[in-house]
Amino acid sequence: MAGTKLDPIDLKILDAIQRDGRITKLRLAEQVGLSPTPCWMRLAKLEKAGIVAGYHARVAMRAIAPIATVLMEVTLGNHRQADFDRFERAIRDIPEVVACWSVGGGVDYLLKVMTRDIDAYQRLVDTLLEREVGIDRYFTYIVTKTVKDGTVLPVAELVTDR
């Protein structure tokens, strides 16, 4: 959907629903300056176009249980497409890996991993190494404090010419 033209009302809708996924039709319309029906039609169009990819609840895990958040750099031993595919398939099946990015530069992947504690993280890494999913090297960074972990994307700033 890259390059889809969004007008200022569309951008307001996207900002509003990111901040409150449970916003009512009436409140959304008020926030963006439209009557409810045209506003809801625009939102439906954004959903149908795949621009609105879903609605989610953000769970405060630390309110439920202590957790360890770990960032992990991974470099694969080989760089054939089959090696990347094998690693990515394995990672998709691990619920504790909550994010994984293929990156350019000195490493191949960055992962965000959430486990009960550091021992659980190390057991997960040991399992990955035993499964031989292609990991040559990995580096672990333990998150000691979350400074910013936003979910609201700066849509207007990214699509608007300045």
Side-chain angles (χ1 to χ4, degrees), residues 1-6 10-23 43-162:
M1 297 309 314
T4 299
K5 296 293 181 190
L6 301 174
D10 294 326
L11 297 175
K12 286 180 183 180
I13 290 171
L14 293 174
D15 185 65
I17 64 171
Q18 284 188 95
R19 292 178 191 283
D20 182 2
R22 296 175 61 167
I23 193 168
L43 179 57
K45 183 176 142 193
L46 292 168
E47 290 171 346
K48 186 175 180 182
I51 295 168
V52 175
Y55 298 87
H56 310 278
R58 186 168 182 178
V59 177
M61 278 304 302
R62 291 184 195 274
I64 300 170
I67 59 163
T69 302
V70 178
L71 303 179
M72 179 181 182
E73 291 181 353
V74 172
T75 303
L76 300 183
N78 295 301
H79 292 95
R80 298 173 305 227
Q81 188 61 49
D83 300 307
F84 293 114
D85 293 344
R86 180 177 70 226
F87 177 79
E88 291 172 15
R89 270 192 311 275
I91 292 305
R92 283 187 194 104
D93 290 337
I94 301 170
E96 295 89 348
V97 177
V98 297
C100 177
W101 301 275
S102 175
V103 296
V107 298
D108 296 317
Y109 295 94
L110 292 176
L111 287 72
K112 180 178 178 182
V113 182
M114 296 177 78
T115 57
R116 289 178 169 262
D117 53 33
I118 298 305
D119 289 338
Y121 166 74
Q122 189 57 55
R123 286 191 303 276
L124 185 144
V125 171
D126 292 343
T127 300
L128 279 172
L129 295 172
E130 289 170 9
R131 287 179 55 193
E132 297 183 4
V133 296
I135 298 173
D136 181 45
R137 291 187 328 249
Y138 72 93
F139 295 93
T140 297
Y141 304 93
I142 299 166
V143 175
T144 58
K145 178 172 109 175
T146 300
V147 177
K148 183 177 181 180
D149 188 17
T151 59
V152 177
L153 302 175
V155 178
E157 289 79 3
L158 295 174
V159 301
T160 305
D161 293 331
R162 293 181 178 230

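Bear in mind the structure is a predicted one, so any value in this text is a computation, not a measurement.
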**Student:** Can you measure from CD (Gln122) to OG1 (Thr127) and round to the nearest 0.5 angstrom?
**Tutor:**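 Atom-to-atom, Gln122:CD and Thr127:OG1 are 9.5 Å apart.
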**Student:** What's the separation between atom CG in Asp136 and atom CG in Asp108, rounded to the nearest 0.5 Å?
**Tutor:**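 Here the interatomic distance stands at 9.0 Å.
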**Student:** Give the minimum heavy-atom separation between Asp10 and Lys5, together with the two atoms involved.
**Tutor:**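 Shortest heavy-atom separation between Asp10 and Lys5 comes out as OD2-O, 4.4 Å.
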**Student:** Between Leu6 and Leu14, what is the shortest heavy-atom contact and its length?
**Tutor:**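 Smallest heavy-atom distance, with atoms named: CD1-CD1, 3.8 Å.
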**Student:** List the atom of Gly106, the atom of Arg137, and the distance in Å for their closest heavy-atom pair.
**Tutor:**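 Closest approach of Gly106 to Arg137: O-NH2, 4.1 Å.
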**Student:** Please report the C-alpha distance between Arg62 and Thr69 in whole Å, then the side-chain angles of each, then the deciding distance to 0.1 Å, and finally whether the side chain to side chain contact (heavy atoms under 4.5 Å, CB included) criterion is met.
**Tutor:** CA-CA 11 Å; Arg62 291 184 195 274; Thr69 302; 3.8 Å; yes
**Student:** Does Tyr141 reach the side chain of Glu73, with side-chain heavy atoms less than 4.5 Å apart?
**Tutor:**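 The answer is yes, as the side chains (C-beta and beyond) meet within the 4.5 Å cut-off.
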**Student:** List in chain and number order the residues that pass side chain to side chain donor-acceptor pair (under 3.5 Å) with Asp117, two or more places apart in sequence or in another chain; answer none if no residue qualifies.
**Tutor:**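 Scan of Asp117 (side chain to side chain donor-acceptor pair (under 3.5 Å), adjacent residues dropped) gives none.
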**Student:** Supply the atom-to-atom distance Leu124 CG to Thr115 OG1, rounded to the nearest 0.5 angstrom.
**Tutor:**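 Separation between the atoms: 7.5 Å.
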**Student:** Taking atom OG1 of Thr151 and atom CZ of Arg19, what is their separation to the nearest 0.5 Å?
**Tutor:**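 Interatomic distance, Thr151 OG1 to Arg19 CZ, rounded to 0.5 Å: 9.0 Å.
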**Student:** Kindly compute the distance separating CD (Glu130) from CG (Leu128), expressed to the nearest 0.5 Å.
**Tutor:**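 One finds 9.5 Å between CD of Glu130 and CG of Leu128.
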**Student:** Under the side chain to side chain donor-acceptor pair (under 3.5 Å) test, which residues partner Arg58, sequence neighbours left out?
**Tutor:**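 For Arg58, the residues satisfying side chain to side chain donor-acceptor pair (under 3.5 Å) (neighbours in sequence not counted) are Asp149.
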**Student:** Mind running salt bridge (Lys or Arg N to Asp or Glu O under 4.0 Å) on Asp15 and Lys12 for me, showing each step along the way?
**Tutor:** CA-CA 5 Å; Asp15 185 65; Lys12 286 180 183 180; over 6 Å; no
**Student:** Show your working on side chain to side chain contact (heavy atoms under 4.5 Å, CB included) between Leu111 and Val70 and close with a plain yes or no.
**Tutor:** CA-CA 8 Å; Leu111 287 72; Val70 178; over 6 Å; no
**Student:** Give, for atom CG of Asp83 and atom CD of Glu88, the distance between the pair rounded to the nearest 0.5 Å.
**Tutor:**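 The distance works out to 11.0 Å.
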**Student:** Is the closest side-chain heavy-atom distance between Leu71 and Lys112 below 4.5 Å?
**Tutor:**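 Yes, their side chains come closer than 4.5 Å.
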**Student:** With a 4.0 Å cut-off, would you call Arg123 and Asp126 a salt bridge?
**Tutor:**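 No, this pair does not count.
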**Student:** Step by step, would you call Leu110 with Met72 a side chain to side chain contact (heavy atoms under 4.5 Å, CB included)?
**Tutor:** CA-CA 6 Å; Leu110 292 176; Met72 179 181 182; over 6 Å; no
**Student:** Can you name the ring-ring contact (aromatic ring centres under 6.0 Å, His included) partners of Tyr109, sequence neighbours left out?
**Tutor:**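 Result, ring-ring contact (aromatic ring centres under 6.0 Å, His included) vs Tyr109: Phe87.
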**Student:** With side chain to side chain contact (heavy atoms under 4.5 Å, CB included) as the criterion, how do Asp85 and Arg89 come out once you've worked through the C-alpha distance, each side chain's angles and the decisive distance to 0.1 Å?
**Tutor:** CA-CA 6 Å; Asp85 293 344; Arg89 270 192 311 275; 3.6 Å; yes
